[in-house]
Amino acid sequence: MLKEARPSTGEQAKQHALAQLRQAILHGEMAPAQRLVENELAEQFGVTRASIRAALIDLESQGLVERIRNRGSRVRVVTVEEAVAITECRMVLEGLCAAKAATLASDEQLAELTVLGTAMTKAVADGEPVTYSELNQELHAKVREYSGQATAVDLLERLNAQLVRHRFQLALRPGRPQHSLNEHLAMIETIRSRDPQAAEAAVRAHLISVIEALRD
């Protein structure tokens, strides 16, 4: 069976390069400060340099890439203080989403949160920090989804993408999953109780804890 031809130029080519680059950065395949050489990337993804350049401009607007004068582009380095500032913004938006989810989530969706909480508890008990981190991200994603607050969801996705390296480092820090588990279970319980104010407070308490961990 013949492979479908991949466009090397135009908007489709740019979108292909953008998706591949974004995924590589978010999955840690491209490290902070790594140079992004247009010629190499064009060859790697089978597109033109113009498509790569356009994709890098989009990634710069998303806070994932930075352009260094006379040196080209590189994966953006997010400092601890920048990560703290981003997390402070997350507090407001994720608190809003939790409050909305407590009001709007269906019983079936609340049950899904309970299942996630059980899986997170097991991951901690089994000493599986990577699994716990993945479940942690899934929990936050579901709360955002159940909130029905599309604007907050869009903003949070852009903010969270910039924190991927710090999030991974925190997930692997000894004792961190055990510390954050009860915070996540409190989030789940307050949303399940359909208490918007308590749900928002639980999210804020969790993210204050994240900020303290970032600064350690």
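No experiment lies behind these values; they were computed from the predicted model shown.
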Quiz item: Does a donor on one side chain sit under 3.5 Å from an acceptor on the other, for S193 and T190?
Solution: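 Per modelled atom types, S193 and T190 side chains form no pair under 3.5 Å.
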Quiz prompt | Donor-acceptor side-chain pairing of S209 and R176 below 3.5 angstrom | solution =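 Distance-only check passes for S209 and R176.
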Donor-acceptor contacts under 3.5 Å from residues 195-202 side chains, at least two apart:
from : atom 1 : to   : atom 2 : distance (Å)
D195 : OD1    : Q197 : N      : 3.4
D195 : OD1    : A198 : N      : 3.1

Quiz item: Just wondering, are more than 12 heavy atoms of other shown residues or ligands nearer than 6.0 Å to CD in E43?
Solution: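 No - once you tally the heavy atoms of other residues, nucleotides and ligands closer than 6.0 Å, there are 12 at most.
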Exercise. Step through the shown structure and confirm whether more than 12 heavy atoms of other residues, nucleotides or ligands are within 6.0 Å of CZ on R49.
Key: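 Result for CZ/R49: enclosed.
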Quiz item: Tell me the side chain to side chain donor-acceptor pair (under 3.5 Å) pairs involving residues 144-159, sequence neighbours left out?
Solution: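 Of all non-adjacent pairs touching residues 144-159, those that pass side chain to side chain donor-acceptor pair (under 3.5 Å) are E112-Y146.
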Quick check against the 3.5 Å criterion: does [X] have a side-chain atom that pairs as donor or acceptor with the backbone of [Y]?
{"X": "R167", "Y": "Q137", "result": "no"}
{"X": "T121", "Y": "G117", "result": "yes"}
{"X": "Q109", "Y": "S106", "result": "yes"}
{"X": "E66", "Y": "V77", "result": "yes"}
{"X": "S133", "Y": "P129", "result": "no"}
{"X": "T48", "Y": "S51", "result": "yes"}

Quick check: is [Y] connected to [X] through a chain of hydrophobic side chains (ILVMFWY, heavy atoms under 4.5 Å apart)?
{"X": "V143", "Y": "L181", "result": "yes"}
{"X": "L56", "Y": "V37", "result": "no"}
{"X": "L139", "Y": "V124", "result": "yes"}

So, are [X] and [Y] salt-bridged, with charged N and O less than 4.0 Å apart?
{"X": "R76", "Y": "E82", "value": "yes"}
{"X": "E128", "Y": "K122", "value": "no"}
{"X": "R194", "Y": "D107", "value": "yes"}
{"X": "E11", "Y": "K14", "value": "yes"}

Self-check item: Under the ring-ring contact (aromatic ring centres under 6.0 Å, His included) test, residues paired with H206 that sit two or more places apart
Solution: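 For H206, the residues satisfying ring-ring contact (aromatic ring centres under 6.0 Å, His included) (neighbours in sequence not counted) are H140, H184.
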Practice problem: Could you walk me through whether R192 and E189 pass the salt bridge (charged side-chain N to carboxylate O under 4.0 Å, His left out) test, one step at a time? | Solution: CA-CA 5 Å; R192 285 184 66 247; E189 182 56 35; 3.2 Å; yes
Could you work out the complete set of other residues in the hydrophobic cluster of [X], with links drawn between I, L, V, M, F, W and Y side chains under 4.5 Å apart?
{"X": "F168", "answer": "V130, L172"}
{"X": "L155", "answer": "V78, I86, L93, L156, L159, L163"}
{"X": "V92", "answer": "none"}

Practice problem: With rounding to the nearest 0.5 Å, note down the distance linking CG in L36 to CZ in R67. | Solution: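 Between L36 CG and R67 CZ, I get 10.0 Å after rounding to 0.5 Å.
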Quiz item: Looking only at heavy atoms, what is the nearest atom pair of L26 and A161, with distance?
Solution: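 Heavy atoms of L26 and A161 come nearest at CD2-O, 3.5 Å.
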Exercise. Decide yes or no for L41 and E38: does some side-chain heavy atom of the first lie under 4.5 Å from some side-chain heavy atom of the second?
Key: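 The answer is no; the side chains never approach within 4.5 Å.
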Quiz prompt | V65, V75, L64 screened by side chain to side chain contact (heavy atoms under 4.5 Å, CB included) with M30, the one that passes | solution =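 Result: among V65, V75, L64, V75 is the only option passing the side chain to side chain contact (heavy atoms under 4.5 Å, CB included) with M30.
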